[in-house]
Number of protein chains: 2
Amino acid sequence: MRADAVRNRRRLLDAAAAEFAEHGMEVSIARIAARAGIGKGTVFRHFATKEQLMAAILSDQLDALVARGEELVESAGPGEAVLDFMAAGVRLRSFCVALTAEMREELQVRAASERLAAVAESLTARARRAGAVRGDVTGHDVLLLINAVVQAVAPLGDAAPELWRRYLGLVFDGLRPEAAHPLPVPAPRSLAPD
Amino acid sequence: MRADAVRNRRRLLDAAAAEFAEHGMEVSIARIAARAGIGKGTVFRHFATKEQLMAAILSDQLDALVARGEELVESAGPGEAVLDFMAAGVRLRSFCVALTAEMREELQVRAASERLAAVAESLTARARRAGAVRGDVTGHDVLLLINAVVQAVAPLGDAAPELWRRYLGLVFDGLRPEAAHPLPVPAPRSLAPD
DNA sequence: ACCTGAACACCGTTCAAGT
DNA sequence: ACCTGAACACCGTTCAAGT
């Protein structure tokens, strides 16, 4: 790879990450290219499609959550570990974008999702064994509920930046053994729609 | 209003409702106009913008949920009433579209949302008094949690059509008094982002 | 009054022409 | 090799011309 190509790729990724964080994933390629100081055409030389550009950024962030999860597997409280993991997932809002149907078809995102599913299951299994969460809850449940909490507060937007803590608390209370009532449907065996 | 205008409006609303239900809200106006058998321009004569067209359909559906809620206020079990209300909300998936920031600016949707908030609070207050849900839960919480459940299963799409029942069960268990732990943030006083 | 399709501005994506 | 901006197909929206 030529030197200018390496530099442009770096600039592109940085600009795209910043724009996605500031304005969501509907920012135009033109804006990103301008911020990166490159031509629109160059964007498509590095990433065949806008979604693949997003996937590159997203899978990095998902792996950051995987790393956090792996730390927590060795932490003291099994129940608190699950709660902390969920909180980290909610804070990293880009998470829910990854769970979108189209996005998961990008191979990078798919791989990151599988690593995420593995660590989520480790954390949840440990908490189940410790009696910190009910016996019928799985790692997939935990991931989908992170998504649920993110979306619960989405309508309020930036008007209530800490509100997610309320719904994380509420949802987590539903995971505790004390209030457990039988669930009508089993947990999904995979997060992929196929 | 002229006779053909009345007829075209009816056809437009029917076609749009069908297309939105089948293909989500990203269907093109061209498609809707074709299905309705009218020109694209005619769509914008009836509704100034695509969002206003959606708002017309949406507010009707929200009012259907309001009606269901009003029935349930007089039903036997206060706890079951809240659960049934939430289930009705989840089934009517268009609900979460309404909670989107841009959509709520449409006046019709805003009005329907307020009616919805009122009936949700009636149901929740009754369940609180009966001890069927914890004391710190409000009608706004219930509405946001409907949204959460809808979005929790969204990633799986049509692959698991009954999965929402699992997460509604899990979330509702979090509303029960048995597992209640103090929540770190108070409930929102309004669903509007202002 | 109302309908219509051509026209406009904007998007993601492609590609011929440059270095 | 890689970069670039003009060009393309598609969108939501506007509007002059029709009835």
Side-chain angles (χ1 to χ4, degrees), chain A residues 1-58 94 97 100-109, chain B residues 1-58 94 97 100-109:
Chain A
M1 198 148 78
R2 233 165 58 180
D4 56 346
V6 176
R7 198 200 47 189
N8 280 342
R9 191 188 176 89
R10 205 24 317 125
R11 285 190 184 176
L12 171 54
L13 283 169
D14 292 345
E19 288 288 335
F20 285 150
E22 286 172 27
H23 305 104
M25 50 258 143
E26 69 281 359
V27 274
S28 71
I29 292 288
R31 241 187 111 97
I32 293 172
R35 179 163 187 155
I38 62 180
K40 286 202 310 180
T42 309
V43 175
F44 291 95
R45 163 155 274 271
H46 289 276
F47 299 94
T49 175
K50 188 185 185 181
E51 295 209 325
Q52 283 183 27
L53 170 57
M54 286 187 52
I57 293 163
L58 244 147
S94 55
V97 177
T100 243
E102 318 90 51
M103 213 57 224
R104 192 155 347 91
E105 278 160 28
E106 307 296 333
L107 281 183
Q108 285 181 75
V109 175
Chain B
M1 199 148 79
R2 231 165 60 182
D4 57 346
V6 176
R7 197 201 46 189
N8 281 340
R9 191 187 177 89
R10 203 28 313 125
R11 286 189 183 177
L12 171 54
L13 284 169
D14 292 344
E19 288 288 336
F20 285 150
E22 286 172 28
H23 306 104
M25 49 256 142
E26 70 280 0
V27 274
S28 70
I29 292 287
R31 242 188 111 96
I32 294 171
R35 179 163 187 156
I38 62 180
K40 285 201 310 180
T42 310
V43 174
F44 291 95
R45 162 155 274 272
H46 288 277
F47 299 95
T49 175
K50 189 185 185 180
E51 295 210 324
Q52 283 182 26
L53 170 57
M54 286 187 52
I57 293 163
L58 245 147
S94 55
V97 178
T100 243
E102 318 88 53
M103 213 58 225
R104 191 152 354 88
E105 277 158 29
E106 307 297 334
L107 282 184
Q108 286 180 75
V109 175

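Here is the naming used below: chain letters follow the sequence lines, and residue numbers restart at 1 for every chain. Values in this document were obtained by computation on a predicted structure and should not be read as measured data.
In this structure, CG of L12(A) is placed 15 Å from C1' of dT4(D), rounded to the nearest angstrom. In this structure, F47(B) atom CZ and dG12(D) atom P are separated by 16 Å, rounded to whole Å. Between the CD atom of E26(A) and the P atom of dC11(D) there is a distance of 19 Å, rounded to whole Å. Distance M25(B) CE to dG12(D) P: 13 Å, rounded to the nearest Å. One atom, CD1 of I38(B), and another, P of dT19(D), lie 19 Å apart when rounded to the nearest Å.
Note on T42(B): a base of the nucleic acid sits closer than 4.0 angstrom, heavy atoms only. Looking at heavy-atom distances under 4.0 Å, V27(A) makes contact with sugar-phosphate atoms alone, never a base.
If R45(A) and T49(B) are placed on DNA chain D by their nearest nucleotide, the residue sitting closer to the 5' end is R45(A). Both R2(B) and F44(B) sit near DNA chain D, but only F44(B) has its closest nucleotide nearer the 5' end.
Side chain of S28(A) to main chain of R31(A): a donor-acceptor pair is present (N/O by atom type, distance under 3.5 Å, no hydrogens or angles).
Heavy atoms only, all atoms of each residue included: M25(B) and F20(B) are closest at CA-CD2, 3.7 Å. Closest approach of A15(A) and R35(A) over heavy atoms only: CB-CG, 3.8 Å. Of all heavy-atom pairs between A5(A) and H46(A), the closest is O-CE1, 3.4 Å. When all heavy atoms of M103(B) and L58(B) are compared, the closest pair comes out as CG-CD1, 4.0 Å.
A sub-4.0 Å separation between OP1 or OP2 of dC2(C) and a side-chain N or O of N8(B) is absent. Considering only side-chain N and O atoms, H46(A) lies under 4.0 angstrom from the phosphate OP1 or OP2 of dC3(D).
Judged by Watson-Crick or G-U wobble contacts below 3.5 Å, the nucleotide dG5(D) has dC15(C) as its partner. When both distances must be under 3.5 Å, the Watson-Crick or G-U wobble mate of dC10(D) does not exist.
In the interface, the side chain of K40(B) is paired with the base of dT13(D) through a donor and an acceptor atom under 3.5 Å apart.
The I29(B) side chain lies nearest to dT13(D) when the options are dT13(C), dC3(C), dT13(D). The side chain of K50(B) sits closest to dT13(D) out of dT13(D), dT13(C), dC2(D).
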